[in-house]
Protein chains: 2
Amino acid sequence: MAVSDAGVSTPTAVSKWNLEGEAMCPHRLVLEHVTSRWGVLVLIQLLERPYRFSELRRAIGRVSEKMLTQTLQTLERDGLVHRDAKPVIPPRVDYSLTDLGREAAEQVYALASWTEQRMGEVLKAREVYDAAKAQL
Amino acid sequence: MAVSDAGVSTPTAVSKWNLEGEAMCPHRLVLEHVTSRWGVLVLIQLLERPYRFSELRRAIGRVSEKMLTQTLQTLERDGLVHRDAKPVIPPRVDYSLTDLGREAAEQVYALASWTEQRMGEVLKAREVYDAAKAQL
DNA sequence: CAGCATCCCCGCAGATACTG
DNA sequence: CAGTATCTGCGGGGATGCTG
């Protein structure tokens, strides 16, 4: 199986991930938003259905509202998450994935599923690694 | 397109990403190793071919040797990267992907390619977002 | 060449308090 | 309820110097 199976022609198709000097290239930043600690969880959760703010907070678990807000704003700005604030009292804000966001979320979800499926092999590898280190 | 296309049955198939309280669940950690700043770059680079240490360092660009060493050790311990140290002088160490690592790398590469392909839409979304904010 | 050890900084994340 | 604003710490990560 070659790289081409991953979606694009060759490895070099991901051009200049490694910008010398200067600032990091923009793609890297988007990737980091998407794969960030809370970004991953938000995207996966929203894949199921739209969520309200504090509903999302409870669903994800241990996330401060500051970080959730920050994550949602970043993803919204990147056009991955849609924010729907209804002008009612008390306030009600629904978050959902955009089409773009759904594409990202599905990829992230695939990766997350992979880690879960292969966890056994990872744990085995760690035992081997740690055992080898220990007997030195 | 539904979630099932992503590889597993339902979104809830990714069980307990959000462990309440206690420590983070192990899958999360593996995912963070793989999607970490330098982990992403290392995996993508090794997808092309095996690399020597400082060759990899040059290829990736702006990475300190500390972080490269740390990243490689983490990925090696997780069984994603194979380290081949030849007992010669001067030392020569080759790094390559294991079968497990190649699976991960292809997923990461797909995600990286996606961000690059969709960068235009992300930039457009940002303009809209920033413009809307500015005129408040 | 391929690391390891140490020092040090500043930036992200958590905690807290307040608002529309 | 859904945020904003402000303070603070602590640890990730860079820089430097040293070894086999």
Side-chain angles (χ1 to χ4, degrees), chain A residues 18-24 28-29 32-42 45-46 50-77 81-96 129 132-133 136, chain B residues 18 20-24 28-29 31-42 45-46 50-77 81-96 129 132-133 136:
Chain A
N18 43 333
L19 267 193
E20 301 284 339
E22 326 93 75
M24 207 184 313
R28 284 281 311 277
L29 289 176
E32 290 187 5
H33 296 164
V34 166
T35 62
S36 70
R37 172 156 187 191
W38 304 116
V40 169
L41 298 182
V42 165
Q45 201 66 40
L46 290 182
Y51 272 81
R52 299 184 57 179
F53 184 83
S54 42
E55 190 186 17
L56 193 52
R57 187 154 142 65
R58 282 189 299 272
I60 288 180
R62 295 236 137 186
V63 55
S64 66
E65 55 179 15
K66 176 185 169 184
M67 291 315 297
L68 184 56
T69 300
Q70 197 173 102
T71 302
L72 285 168
Q73 284 174 348
T74 301
L75 294 178
E76 187 197 357
R77 181 166 184 264
V81 160
H82 175 68
R83 180 177 185 275
D84 183 20
K86 329 246 183 190
V88 298
I89 296 179
R92 176 190 176 99
V93 182
D94 287 280
Y95 290 93
S96 56
Y129 182 92
K133 284 252 153 176
L136 287 186
Chain B
N18 43 333
E20 302 284 339
E22 329 91 73
M24 207 184 313
R28 282 283 310 278
L29 289 178
L31 184 60
E32 290 188 5
H33 296 165
V34 166
T35 62
S36 71
R37 173 156 186 184
W38 304 116
V40 169
L41 298 181
V42 165
Q45 201 66 40
L46 290 182
Y51 273 81
R52 300 183 56 180
F53 184 83
S54 40
E55 189 186 16
L56 192 53
R57 186 154 142 66
R58 282 189 300 271
I60 288 180
R62 295 234 137 188
V63 55
S64 66
E65 42 178 275
K66 176 185 170 185
M67 289 317 296
L68 184 55
T69 299
Q70 197 174 99
T71 301
L72 285 168
Q73 283 174 349
T74 302
L75 294 178
E76 187 196 357
R77 180 166 185 265
V81 161
H82 174 67
R83 181 177 184 275
D84 183 20
K86 329 246 182 189
V88 297
I89 295 179
R92 176 190 177 99
V93 182
D94 287 279
Y95 289 94
S96 57
Y129 182 92
K133 285 250 152 176
L136 287 187

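So that the names make sense, note that chain A is the first sequence line, chain B the second, and so on, each numbered from 1. Nothing here was measured: the structure is a model prediction, and the numbers come from that model.
A:Val42 is listed as a side-chain neighbour of A:Leu68, based on a closest heavy-atom distance under 4.5 Å. Between B:Tyr129 and A:Gln73 the shortest side-chain heavy-atom distance falls below 4.5 Å. Side-chain contact check for B:Leu72 versus B:Leu56: some heavy-atom pair is nearer than 4.5 Å. When side chains are defined from C-beta on, B:Gln70 does not count as touching B:Trp38, because their heavy atoms never get closer than 4.5 Å.
The side chain of B:Arg83 approaches C:dG3 more closely than any other nucleotide in the set D:dG3, C:dA2, C:dG3. In the set C:dG14, D:dG14, D:dA2, D:dA2 carries the atom at the smallest distance from any side-chain atom of A:Arg52. Distances were taken from every side-chain heavy atom of B:Gln73 (C-beta onward) to each of C:dG3, C:dA13, D:dG3; the shortest belongs to C:dG3. Taking every side-chain heavy atom of A:Phe53 into account, D:dG3 is the closest of C:dC1, D:dG3, C:dA2. When distances are taken from the side chain of A:Met67 to each of D:dG14, C:dA2, C:dG14, the shortest belongs to C:dG14.
Note: CD (B:Gln70) to P (D:dG12) measures 8 Å, nearest angstrom. A straight line from CD of B:Glu76 to P of C:dA2 spans 15 Å, rounded to a whole angstrom. In this structure, the CD atom of B:Glu65 is 14 Å from the P atom of D:dC18, given to the nearest Å. Across the protein-nucleic acid pair, A:Arg57 atom CZ and D:dG3 atom P stand 12 Å apart, rounded to whole Å. Distance A:Arg92 CZ to D:dG3 P: 13 Å, rounded to the nearest Å. With rounding to whole Å, B:Leu72 atom CG is found 11 Å from C:dG3 atom C1'. Computed from coordinates, the B:Ile60 CD1 to D:dG13 P distance equals 14 Å when rounded to whole Å. In this structure, A:Leu68 places its CG atom 18 Å from P of C:dC12, rounding to the nearest Å.
Residue A:Ser64 has no polar side-chain atom (N or O) positioned under 4.0 Å from OP1 or OP2 of C:dA13. Proximity of B:Tyr95 to the phosphate of C:dG3: a side-chain N or O atom is located under 4.0 Å from OP1 or OP2.
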Steps toward side-chain contact (heavy atoms from CB on, under 4.5 Å) verdict (B:Leu41, A:Arg28): CA-CA 10 Å; B:Leu41 298 181; A:Arg28 284 281 311 277; 3.3 Å; yes
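In this structure, A:Lys66 and B:Pro91 both approach DNA chain D, and ranking their closest nucleotides by distance from the 5' end singles out A:Lys66.
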